[in-house]
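Okay, so here's the structure we're looking at.
Side chains are part of it too, since the values below use all heavy atoms of this structure and drop only hydrogens, waters and symmetry mates. Naming convention: chains lettered A, B, ... in sequence-line order (proteins, then strands); numbering from 1 in each chain.
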Amino acid sequence: MAAENQLHVTFRDEDIESLRKQMLSFARLQLDDEHLAEDAVQEALAGALKNASSFSRQSTLKTWVFSILRRKIADVLRGQYREPVREACKECSTDDDELFDGRGHWQAGATPRRWGDTHELADSTQFWQVFDTCLEALPAEQARVFMMREFIELDSAEICASLELSTSNLHVLLHRARLKLRACLSDHWFEREA
Amino acid sequence: MLSCEQATRLLSEGQDRTLTFPEKMNLKVHTAMCSGCREFGRQLGSLRTLIQEEKDAGPAPGKK
């Protein structure tokens, strides 16, 4: 009992249990098979909790765990339909027309403006709420690589190996994630209407 | 001359790998003239620092 509690000092057992329930109802919807759903949740949760100490907030952990679960479910579905394991990088296409014009320059209104003082922002619960919402709004694969890079602090080679991504696809995903995340933080925190 | 899209791509990659000398020079030329990309670069640094500080601070309870 005590040993189990030490495994995830940051998160209470009831937090994990409630997370597991949310994952299970999500997996059931996608897989339509109770057994497969439970297996996927179990595997995703076990894999995710190995890195739980990288996430000090429950909401970030949730985003992380769900990104892993989505991938597990995709693997299961892919196995059922006998599709090739490696698929094209769906989220790698250039889709940032709202940020850049045809010549690759900032669109009017999208140009980054100064954030101002970020000291002591790390202590602001409200800031991290906005941050989590912005992170969740990213396409799943982008959020996942961003968290692997910035929260778990894996290097590019480790991320590429574990996700079977090419380095160039990884860099595209991280670029898109950072563009969108900083735009979202500007809109909803740094330049929000008072 | 880099476009802003290319410049931000290099600034992002600079967080994940060491840029080559020509890449750094191209970026310097671009950011000297482009305040948007200059801010983008600063903000990537701020983001990394914030996430680091938040992780160091530990679990949420006990925070202001």
Return the [atom1] to [atom2] distance between [X] and [Y], rounded to the nearest 0.5 Å.
| X | Y | atom1 | atom2 | result |
| --- | --- | --- | --- | --- |
| B:Leu10 | A:His171 | CG | NE2 | 10.5 Å |
| B:Ile51 | A:Phe146 | CD1 | CZ | 4.0 Å |
| A:Phe100 | B:Gln6 | CZ | CD | 10.0 Å |
| B:Leu44 | A:Leu179 | CG | CG | 8.0 Å |
| A:Leu170 | B:Glu13 | CG | CD | 9.0 Å |
| A:Phe190 | B:Gln43 | CZ | CD | 7.5 Å |

Check your understanding: So with a 6.0 Å cut-off around CZ of B:Arg17, is the heavy-atom count from everything else above 12?
Key -> yes
Chain A shares the most heavy-atom pairs under 4.5 Å, among B:Ala7, B:Ser3, B:Gly36, with B:Gly36
Looking at every heavy atom in both [X] and [Y], which two are closest together, and how far apart are they?
| X | Y | result |
| --- | --- | --- |
| B:Glu39 | A:Trp115 | OE1-N, 4.3 Å |
| B:Arg9 | A:His175 | N-NE2, 3.1 Å |
| B:Cys4 | A:Trp106 | SG-CD1, 3.4 Å |
| B:Ser12 | A:Arg178 | OG-NH1, 2.8 Å |
| A:Thr118 | B:Leu50 | O-CD2, 3.8 Å |

Using side chain to side chain contact (heavy atoms under 4.5 Å, CB included), reason through B:Arg48 and A:Arg149 one step at a time and then give a plain yes or no. CA-CA 10 Å; B:Arg48 182 161 282 181; A:Arg149 181 75 189 102; 3.7 Å; yes
**Prompt:** Would you say the side-chain atoms of B:Gln52 pair up with the backbone N or O of A:Glu150, donor to acceptor, closer than 3.5 Å?
**Reply:** no
**Q.** Leading residue by heavy atom contact count with chain B [cutoff under 4.5 Å; candidates A:Arg114, A:His119, A:Arg182]
**A.**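 Counting heavy-atom pairs under 4.5 Å, the top option is A:Arg114.
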*Please tell me if the side chains of A:Leu99 and B:Thr8 come closer than 4.5 Å, counting only heavy atoms from C-beta onward.*
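Sidechains of B:Thr8 and A:Leu99: no contact.
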So, the part of A:Leu181 with a heavy atom under 4.5 Å from chain B: the answer is side chain
Side chain, backbone, both or neither of B:Gln15 within contact of chain A (heavy atoms, under 4.5 Å):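 Both parts, backbone and side chain.
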Cut-off 4.5 Å, heavy atoms of chain A, and the answer for B:Arg42 is side chain
